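Below: one structure, written as structure tokens.
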Protein chains: 2
Amino acid sequence: MELSPTAYVVLGMLSWRPMSGYDIKSVVDRSTRFFWAASYSQIYGELRALREAGLITADDGPQGARRRTAHRITEPGRRALRDWLAREPETFELRDEGLLKLFFASADPASAASTIAAKRDRHAEVAEQLESMAAAGTASGYAGIVLAYGIECNRWMADWCERTLTDLAELPASAGARQRETI
Amino acid sequence: MELSPTAYVVLGMLSWRPMSGYDIKSVVDRSTRFFWAASYSQIYGELRALREAGLITADDGPQGARRRTAHRITEPGRRALRDWLAREPETFELRDEGLLKLFFASADPASAASTIAAKRDRHAEVAEQLESMAAAGTASGYAGIVLAYGIECNRWMADWCERTLTDLAELPASAGARQRETI
DNA sequence: GAAGTCATGTAAACGGTTACATGATTTT
DNA sequence: AAAATCATGTAACCGTTTACATGACTTC
């Protein structure tokens, strides 16, 4: 019964408090999204799998009001979560189309600067978004530490772009960039 | 005829020189892998799609020796590559299981330090790997700039882990980490 | 002669996204 | 009355990985 990291996103949030699938999605979109996204289909799918594995229970709420299933973590669920936390993290994956375009920029050197600038703006925007979350003060404890990572990392990336942009402008028609690519 | 970024990995490499699918895979594994991975199945699939779209041609080499198809970019292929380079990068995706574990560490605070240490070691290892590539001097031009990004970024991440590890050790049984998580 | 590398592909499975479908409650 | 939000799911599709299959040439 191997669980995917996405299952642990769901299980981890239920370790805080009972939630509906909708709740989980909205919390994901304001937190783990930046380093581990999850869609409704995934969340509802994982909820079913976790229920079938006995790691969570589902109580359907009062049928008079809005239909709502409150999911609760079980003791075996907490154990599974702690076991996962104690194992070494495996997955680290990045898909950065901006770096890809910069990597191949020798096919159109004029595009390099705008690619870097777009990447810079994107990271700066994310950093601002995360900063306003930090200012709101909702993320505490470890979530707050990870939020700080997100802010600093995006700032670093935006800074790198800024630095590289000036470096590129200073060596005009760039010596390095004119070379043939050979790997 | 929308192409995926992975198709442009193939097209981009063929803009340097003619290559076999095997060649492309080995270059990917020593370069774009760190920000855009691709498997054999994907590469051979994209080669077929690009050939059918007329963006590359395939000449089967001498049949006496080892079977080998040399793929060459066509003029429409170069145009498609330049058009893609000129558009804003879209995809930026991260899947970091280490951050996920840190995020949920309140369910097992004892695991936090080893999670961070594992993440630090992983990034330091990648940085060293990339540094030895840089020392070998194969990556020039824009590929070299992206390589520098990889080195600096992984160094930054490893440093953040190191800093956070000492921060966590200094406030013993961490004030922040003991709080209930609320997002 | 065995192991390694060069070389090309297919099939099945998996993880994830997007679109679709539905309907109640709440806010404007 | 309309729009937004809460709420739960399914189906189709897409991108990617892993396993499998095959074979020739090269190096030890």
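Note that this is a predicted model, so its numbers are computed, not measured. Just so we're on the same page: letters track the sequence lines, and every chain starts at 1.
- In this structure, the salt bridge (Lys or Arg N to Asp or Glu O under 4.0 Å) partners of R163(A), at least two apart in sequence or on a different chain, are E152(B).
- Straight-line distance from the CG atom of L100(B) to the C1' atom of dG15(C): 15 Å, rounded to whole Å.
- Of the residues in residues 87-99 of chain A, not one comes within less than 4.0 Å of DNA chain C through any heavy atom.
- Of all the residues in residues 25-53 of chain A, Y40(A), S41(A), Y44(A) reach under 4.0 Å from DNA chain D with at least one non-hydrogen atom.
- The backbone N or O of E90(A) sits less than 3.5 Å from a side-chain atom of E97(B), completing a donor-acceptor pair.
- A donor-acceptor contact closer than 3.5 angstrom is absent between the side chains of T74(A) and R78(A).
- With rounding to whole Å, M19(A) atom CE is found 15 Å from dC6(D) atom C1'.
- Put simply, T6(B) has a side-chain N or O that comes within less than 4.0 Å of OP1 or OP2 on dT16(D).
- Taking atom OH of residue Y22(A) and atom P of nucleotide dT8(D), one finds them 10 Å apart after rounding to whole Å.
- A salt bridge does not link E88(B) with R122(A): none of the charged nitrogens is closer than 4.0 Å to a carboxylate oxygen.
- For the pair H71(B) NE2 and dG9(C) C1', the computed distance is 11 Å after rounding to whole Å.
- Inspection of the E46(B) and S4(B) side chains reveals an N or O donor paired with an N or O acceptor under 3.5 Å.
- Taking the side chain as every heavy atom from C-beta outward, I145(A) and L168(B) approach each other to under 4.5 Å.
- We find that R68(B) and D23(B) are joined by a salt bridge, their nearest charged nitrogen and carboxylate oxygen being less than 4.0 Å apart.
- Between K119(A) and D96(A) there is a salt bridge, since at least one side-chain N of the basic residue sits less than 4.0 Å from a carboxylate O of the acidic one.
- The structure places CG of L50(A) at 8.5 Å from CD1 of I73(A), a figure rounded to the nearest 0.5 Å.
- Between S20(B) and dT8(C) there is a side-chain N or O to OP1 or OP2 distance below 4.0 Å.
- Applying the 4.0 Å criterion to OP1 and OP2 of dA7(D), one finds that R67(A) has every side-chain N and O outside that range.
- Counting only residues at least two apart or on different chains, the ring pair (Phe, Tyr, Trp, His ring centres under 6.0 Å) pairs with a member in residues 112-136 of chain A are H123(A)-F92(B).
- With sequence neighbours excluded, no residue satisfies salt bridge (Lys or Arg N to Asp or Glu O under 4.0 Å) with D167(B).
- In the helix from dG1(C)-dC28(D) to dT28(C)-dA1(D), the end axes, each obtained as the rotation axis mapping the C1' atoms of four pairs onto the next four within a five-pair block, lie 30° apart to the nearest 10 degrees.
- What separates CZ of R68(B) from C1' of dG9(C) is a distance of 16 Å, to the nearest Å.
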